[in-house]
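All remarks here apply to the structure that follows.
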Protein chains: 2
Amino acid sequence: MQKEKEMKQVPEPTIKRLPVYLHYLIKAREEGAMNISAPAIAKELNLDPTQVVKDLAYTGIKGRPKIGYNIYELIHFVEEYLGFNKVNKAFLVGAGNLGSALMAYQAGQTLGLKILAAFDISESKIGTKTGQVNVLHMKNFSEMVKRLDVTIGILTTPGDVAQKVADEMISAGIKAIWNLTPAYLKLPENVVVQNTSMYSNVAVLLKRLEHSEKII
Amino acid sequence: MQKEKEMKQVPEPTIKRLPVYLHYLIKAREEGAMNISAPAIAKELNLDPTQVVKDLAYTGIKGRPKIGYNIYELIHFVEEYLGFNKVNKAFLVGAGNLGSALMAYQAGQTLGLKILAAFDISESKIGTKTGQVNVLHMKNFSEMVKRLDVTIGILTTPGDVAQKVADEMISAGIKAIWNLTPAYLKLPENVVVQNTSMYSNVAVLLKRLEHSEKII
DNA sequence: TAGATTGTTAATCGATTAACAATC
DNA sequence: TAGATTGTTAATCGATTAACAATC
């Protein structure tokens with residue numbers, strides 16, 4: 001349990017691991033498991049058991065020594081903690097391939113985000129639909145943000161217009177931007193920006209491959 | 001410069017930041033800059049100047065006090081260091097929206113990877129082409145890996161077949177897998193797996209948004 | 001009861017940040 | 001020369017891992 005005042009900041013690595021646990025827990029639940037222990041999760045996901053215990057404790061779940069956690073309860077706590085069971089309304093801008101991928105993604109499994117609409121300026125895309133998400137003209141963005149009270153923007157435009165579109169998002173009232181372009185965004189301090197750079201991931205992959213080849 | 005024997009391992013955060021620098025440097029070069037200093041990069045990308053100096057030093061670049069780094073040389077060193085100027089041959093499996101997004105991605109800007117072909121089992125996708133990448137039947141995967149000497153596999157299938165496809169990749173001779181599915185892959189120790197979880201990014205975004213709302 | 005696991009506190013490890021000398 | 005910046009070494013900070021007590 002955490003202190004009431006000055007709630008200790010949860011480590012970002014923990015927040016990134018929780019969805020990984022969640023995916024595994026849902027799979028384990030489907031296979032009929034009733035209880036699950038931290039060491040069991042750790043072994044499955046190749047992590048340190050103590051780390052799993054600590055991570056799960058952040059969600060507020062209470063386990064029982066020797067038995068572990070009730071899997072239904074644990075899934076509920078993790079989803080609650082991450083906010084994945086809430087409706088997190090989002091608008092997507094840039095209905096290209098990556099944008100369409102995210103629209104389709106949420107059709108099946110919930111991504112934690114509810115993409116209410118997508119926006120673009122290309123006439124060929126406007127009026128189309130991917131995974132139940134309609135593509136609208138960008139000129140309607142600002143009005144729609146206010147009307148539907150949307151706080152999250154997903155940025156999947158080409159990199160060279162990313163800053164311009166991000167500025168538009170903010171002036172329309174968006175509070176958090178998930179930036180999937182390679183561009184670095186300069187935005188006011190109070191805006192939350194989450195960068196997901198494909199390049200960074202490729203870079204890590206290549207370095208690790210290089211390293212593993214050196215060993216052999 | 002680094003020691004010859006027992007080369008110090010480069011921190012992963014550094015490897016992730018280098019492509020961000022690179023993107024900015026290329027933009028700055030287009031705008032006609034000849035030299036650039038670490039504090040200038042740091043200011044632009046909202047980072048610590050010392051950290052930028054250290055990160056760049058890993059690439060082997062030599063700067064000049066007061067002047068900074070020659071931008072052409074610096075770009076060359078970063079690309080060389082990351083392996084982005086090499087041809088890193090990759091096969092993609094799962095030609096859905098996300099897969100198509102990656103195929104299209106590299107058409108314009110180079111992703112550091114050269115996707116030679118995509119594979120799927122859906123008849124409707126086989127024979128199609130996205131961003132100059134042809135979609136072939138998965139039954140040809142193994143043979144093609146050997147023929148073209150491909151070492152990198154990009155996994156963009158649905159999560160429930162990810163493990164099975166990953167196993168196929170490895171037995172065909174793939175050495176590194178970029179896993180863009182939410183599944184955790186159980187693979188031999190010597191295989192490099194780079195996980196890029198959309199869920200983890202959403203989780204961080206939501207937590208940070210929640211946190212920023214609490215402050216106001 | 002014995003032993004595995006939770007939950008917490010302490011030690012370690014690694015990355016970031018600060019300090020400072022070298023240099024152009 | 002003076003001062004900004006590189007490059008390196010030291011201090012700090014935060015996350016991981018280890019140790020251990022509590023407990024079912």
Side-chain angles (χ1 to χ4, degrees), chain A residues 1-3 6-18 20-21 25 28 33-71 73-74 77-78 81 200 203-204 207-208 211, chain B residues 1-3 6-18 20-21 25 28 33-71 73-74 77-78 81 200 203-204 207-208 211:
Chain A
M1 224 6 134
Q2 293 175 51
K3 301 269 168 56
E6 204 165 299
M7 189 108 160
K8 212 183 119 202
Q9 176 77 18
V10 183
E12 187 168 304
T14 294
I15 297 171
K16 288 193 168 177
R17 280 190 297 268
L18 283 170
V20 181
Y21 300 161
L25 290 170
M34 276 300 290
N35 292 296
I36 192 132
S37 73
I41 297 171
K43 200 180 173 189
E44 196 68 20
L45 304 179
N46 212 22
L47 294 167
D48 185 281
T50 308
Q51 186 169 68
V52 177
V53 171
K54 273 200 164 179
D55 286 345
L56 297 181
Y58 280 112
T59 69
I61 187 80
K62 292 288 166 194
R64 292 163 68 198
K66 182 126 159 102
I67 288 131
Y69 309 87
N70 175 281
I71 200 161
E73 198 189 354
L74 181 52
F77 269 78
V78 175
Y81 180 78
S200 291
V204 175
K207 266 293 153 203
R208 289 174 57 204
H211 187 74
Chain B
M1 232 355 141
Q2 292 173 55
K3 302 269 169 56
E6 204 166 298
M7 188 110 160
K8 212 182 121 203
Q9 176 78 19
V10 183
E12 186 167 305
T14 294
I15 297 171
K16 288 194 169 176
R17 280 189 298 267
L18 283 171
V20 181
Y21 301 160
L25 290 171
M34 275 301 290
N35 292 294
I36 191 130
S37 72
I41 297 170
K43 201 182 173 189
E44 196 68 21
L45 304 179
N46 212 22
L47 294 167
D48 185 282
T50 308
Q51 187 168 68
V52 177
V53 171
K54 272 200 165 180
D55 286 345
L56 297 181
Y58 280 112
T59 68
I61 186 82
K62 291 288 164 193
R64 293 164 67 197
K66 181 129 158 101
I67 287 132
Y69 309 88
N70 176 279
I71 200 161
E73 199 189 355
L74 181 53
F77 269 77
V78 175
Y81 180 78
S200 291
V204 175
K207 267 293 153 203
R208 289 175 55 203
H211 186 75

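The structure presented is a predicted model; accordingly, all values stated were derived computationally and were not measured. In what follows, every chain begins at residue 1, and chains take the letters A, B, ... in the order their sequences are listed.
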(message) So, using side-chain contact (heavy atoms from CB on, under 4.5 Å) as the criterion, who are the partners of A/Asp48 when residues are at least two apart?
(response)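 A/Asp48 satisfies side-chain contact (heavy atoms from CB on, under 4.5 Å) with A/Thr50, A/Gln51 once adjacent residues are dropped.
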(message) I want to check one thing: is the phosphate of D/dT8, taken as OP1 and OP2, less than 4.0 Å away from some side-chain N or O of B/Tyr58?
(response)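 So the side chain of B/Tyr58 is outside the cut-off, no N or O lying under 4.0 Å from OP1 or OP2 of D/dT8.
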(message) Using OP1 and OP2 only, check whether a side-chain N or O of B/Arg17 sits under 4.0 Å from C/dA15.
(response)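 So the side chain of B/Arg17 is outside the cut-off, no N or O lying under 4.0 Å from OP1 or OP2 of C/dA15.
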(request) Please report how far the helix from C/dG3-D/dC24 to C/dC24-D/dG3 bends, comparing the axis fitted to its first five pairs with the axis fitted to its last five, to the nearest 10 degrees. (result)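 For the helix from C/dG3-D/dC24 to C/dC24-D/dG3, the axes at opposite ends meet at about 0°.
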(message) Using only modelled atom types and a 3.5 angstrom limit, is any donor from either the side chain of A/Lys54 or the base of D/dT17 paired with an acceptor on the other?
(response)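 Checked by distance alone, the answer is yes.
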Which pairs would a plain distance check flag for residues 63-71 of chain A, meaning a side-chain donor or acceptor within less than 3.5 Å of a matching protein atom at least two apart in sequence or in another chain?
{"from": "A/Asn70", "atom 1": "OD1", "to": "A/Tyr72", "atom 2": "N", "distance (Å)": "3.0"}
{"from": "A/Asn70", "atom 1": "OD1", "to": "A/Glu73", "atom 2": "N", "distance (Å)": "2.9"}

(request) Find out whether the Lys NZ or Arg CZ of A/Lys207 is both under 6.0 angstrom from the six-membered ring centre of B/Tyr81 and within 45° of the ring's axis. (result)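 Yes - A/Lys207 lies over the ring of B/Tyr81, closer than 6.0 Å to its centre and within 45° of its axis.
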(request) For A/Leu18 and A/Asp55, work out which heavy atoms get closest and say how close. (result)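 For A/Leu18 versus A/Asp55, the nearest heavy atoms are CD2-O, 4.1 Å.
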(message) Could you tell me how far apart A/Lys16 (NZ) and D/dG14 (P) are, to the nearest whole angstrom?
(response)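 About 18 Å, once rounded to whole Å.
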(request) Figure out the CG/C1' separation between B/Asp55 and D/dT5, and round it to whole Å. (result)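 For the pair B/Asp55 CG and D/dT5 C1', the rounded distance is 16 Å.
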(message) Any non-hydrogen side-chain atom of A/Leu47 less than 4.5 Å from a side-chain atom of A/Tyr21?
(response)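 Side-chain contact under 4.5 Å: yes.
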(request) Please examine the side chains of A/Glu12 and B/Val204, heavy atoms only from C-beta on, and report whether any two atoms are closer than 4.5 Å. (result)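 The answer is yes; the side chains approach within 4.5 Å.
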Residues 35-45 of chain B, side-chain donor-acceptor partners within the protein, below 3.5 Å, at least two apart:
{"from": "B/Ser37", "atom 1": "OG", "to": "B/Ala40", "atom 2": "N", "distance (Å)": "3.2"}
{"from": "B/Glu44", "atom 1": "OE1", "to": "A/Lys186", "atom 2": "NZ", "distance (Å)": "3.3"}
{"from": "B/Glu44", "atom 1": "OE2", "to": "A/Lys186", "atom 2": "NZ", "distance (Å)": "3.3"}

Within the sub-3.5 Å range, which N or O atoms of nucleotides 22-24 of chain C have a protein N or O partner, and how far apart are they?
{"from": "C/dC24", "atom 1": "O3'", "to": "B/Arg64", "atom 2": "NH2", "distance (Å)": "3.4"}

(message) Would you compute the distance between atom CG of A/Leu56 and atom CZ of A/Phe77 and round it to the nearest 0.5 angstrom?
(response)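 Reported value, rounded in 0.5 Å steps: 11.5 Å.
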(request) Drop me the distance from A/Ile15's CD1 to A/Arg17's CZ, to the nearest 0.5 angstrom. (result)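 Here the interatomic distance stands at 10.5 Å.
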(message) Using a 4.0 Å cut-off on heavy atoms, which residues in residues 35-51 of chain A reach DNA chain C? List them by number, or say none.
(response)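 A/Ser37, A/Ala38, A/Pro39, A/Thr50 - these, ordered by number, are the residues of the stretch whose heavy atoms sit under 4.0 Å from the strand.
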